[in-house]
Amino acid sequence: FFLPLRYDKPLPPRERYQAYFQCTDEAKCVFEATPGYFYGGTRLAEALSKALPEVKILLVLREPVGRFISFYSFQKSMLQLPQ
């Protein structure tokens, strides 16, 4: 939802974001996993803070070599690497 800010584009209406999280009253927490937010810079971080001031953010960093191998394998499977 917040990724357009990475590219200096406006956000869609907040109602569109909220529609992704329709849950019952029994739900204790709701999660979203969007790694691209990490690269969004100050503008994206400020928009998150303003739109969702009560939100707690959990950042999980992977072991670098495993992450590289995963990225390489993905790019290879998508035919994005030259022979």
Report all side-chain donor-acceptor pairs from residues 29-43 shorter than 3.5 Å, counting only partners two or more places apart or in another chain.
residue, atom, partner, partner atom, Å
E32, OE1, Y17, OH, 2.5
E32, OE2, T34, OG1, 2.5
E32, OE2, Y37, OH, 2.9
Y37, OH, F1, N, 3.1
Y37, OH, F2, N, 3.1
R43, NH1, D8, OD1, 2.8

Give the table of side-chain donor-acceptor pairs shorter than 3.5 Å for residues 46-64, with sequence neighbours excluded, one pair per line with atom names and distance.
residue, atom, partner, partner atom, Å
E63, OE1, G66, N, 2.7
E63, OE2, V65, N, 3.0

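Closest approach of L44 to L5, counting heavy atoms only: CA-CD1, 4.0 Å. P4 approaches P10 most closely through the heavy-atom pair CB-O, 3.6 Å.
Taking a 4.5 Å side-chain heavy-atom cut-off between Ile, Leu, Val, Met, Phe, Trp and Tyr, the cluster of F74 extends to M78.
F71 is not connected to I69 by any chain of hydrophobic side-chain contacts under 4.5 Å among Ile, Leu, Val, Met, Phe, Trp and Tyr, and they are in different clusters.
Of the inter-residue distances, the one linking L81 atom CG with Q75 atom CD reads 6.0 Å to the nearest 0.5 angstrom.
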